[in-house]
Amino acid sequence: QVLLAESGGGLVQPGGSLSLSCAASGSIFSIIVMGWYRQAPGKQRELVATVISGGRTNYADSVKGRFTISRDAAKNTVSLQMNSLKPEDTAVYYCYADLFSDRYYTRNEAWGQGTQVTVSS
């Protein structure tokens with residue numbers, strides 16, 4: 001099994017910054033994609049940012065220019081630096097990984113338990 005452990009959530013004022021981290025452990029041969037999703041009350045879970053093999057990143061339009069995702073492939077970790085935070089960024093943030101779990105390239109995916117980010121005055 002694969003475990004994703006998130007950290008770094010909390011309360012921040014509008015315009016402030018916060019950084020999230022996620023570490024993957026367990027049966028991992030190679031990470032294909034790691035990223036972050038979020039879910040606000042009454043809304044569906046949505047993609048925030050991802051990074052794939054080769055370093056390509058993609059972001060939701062709502063966070064472009066404010067959030068930066070980075071990955072350390074050797075350590076199977078991913079981080080999300082969030083700047084210029086807005087109240088509408090308030091949500092539970094979930095780490096996600098799409099990976100090969102063994103040398104035979106068995107495909108698997110994993111989700112973290114989520115960490116709360118609250119942006120409020």
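Throughout, numbering of the chain's residues begins at 1 and tracks the sequence.
With values rounded to the nearest 0.5 angstrom, Q81 atom CD is found 9.0 Å from L20 atom CG. Atom-to-atom distance recorded for M82:CE and S19:OG is 7.5 Å, nearest 0.5 angstrom. Separating the CD1 atom in I28 from the CG atom in D102 is a distance of 12.0 Å, to the nearest 0.5 Å. Considering OG1 of T77 and CG of D72, their distance stands at 4.5 Å, rounded to 0.5 Å. Distance CD1/I31 to CG/L99: 4.5 Å, rounded to 0.5 Å. Between the CD atom of E46 and the CZ atom of R38 there is a distance of 4.5 Å, given to the nearest 0.5 Å.
The stretch residues 7-33 participates, sequence neighbours left out, in no salt bridge (Lys or Arg N to Asp or Glu O under 4.0 Å) pair at all.
No donor-acceptor pair under 3.5 Å is formed between the side chain of S79 and the backbone N or O of S21. At least one donor-acceptor pair closer than 3.5 Å links the side chain of S27 to the backbone N or O of S101.
Here the side chains of N58 and L47 are in contact, with some heavy-atom distance below 4.5 Å. Looking at R107 and I32, their side chains come closer than 4.5 Å, going by heavy atoms from C-beta outward. Between D89 and V117, every side-chain heavy-atom pair lies at or beyond the 4.5 Å cut-off. Looking at W36 and V51, their side chains never come closer than 4.5 Å, going by heavy atoms from C-beta outward.
Hydrophobic clustering of Ile, Leu, Val, Met, Phe, Trp and Tyr side chains at less than 4.5 Å, counting indirect connections, keeps Y59 apart from I52. L80 and V92 end up in different hydrophobic clusters when Ile, Leu, Val, Met, Phe, Trp and Tyr side chains are linked at under 4.5 Å. V2 and V33 end up in different hydrophobic clusters when Ile, Leu, Val, Met, Phe, Trp and Tyr side chains are linked at under 4.5 Å.
Listed here is the closest heavy atom pair of S17 and N83: OG-OD1, 2.8 Å. Across all non-hydrogen atoms, the minimal contact from A49 to I69 is O-CD1, 3.6 Å. The two residues M34 and A24 come nearest to each other via the heavy atoms CE-CB, 4.3 Å.
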I would like to know whether Y94 and E6 meet side chain to side chain donor-acceptor pair (under 3.5 Å); could you show each step before the answer? CA-CA 8 Å; Y94 297 90; E6 303 131 325; over 6 Å; no

V78 and C95: CA distance, side-chain angles, deciding distance, side-chain contact (heavy atoms from CB on, under 4.5 Å) verdict: CA-CA 8 Å; V78 65; C95 183; 4.0 Å; yes

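With sequence neighbours left out, R56 forms a salt bridge (charged side-chain N to carboxylate O under 4.0 Å, His left out) with no residue at all. Among residues two or more places apart in sequence or in another chain, the salt bridge (charged side-chain N to carboxylate O under 4.0 Å, His left out) test is passed with R71 by none.
No more than 12 heavy atoms of other residues, nucleotides or ligands sit less than 6.0 Å from atom CD of Q113. Atom CD of Q1 is surrounded by 12 or fewer heavy atoms from other residues, nucleotides or ligands within 6.0 Å. Environment of CD in Q13: sparse, with no more than 12 heavy atoms of neighbouring residues, nucleotides or ligands closer than 6.0 Å. Counting heavy atoms of neighbouring residues, nucleotides and ligands inside a 6.0 Å radius, atom OH of Y105 does not exceed 12 of them.
Taking the six-membered ring where the residue is Trp, the centroids of Y96 and Y37 are separated by under 6.0 Å.
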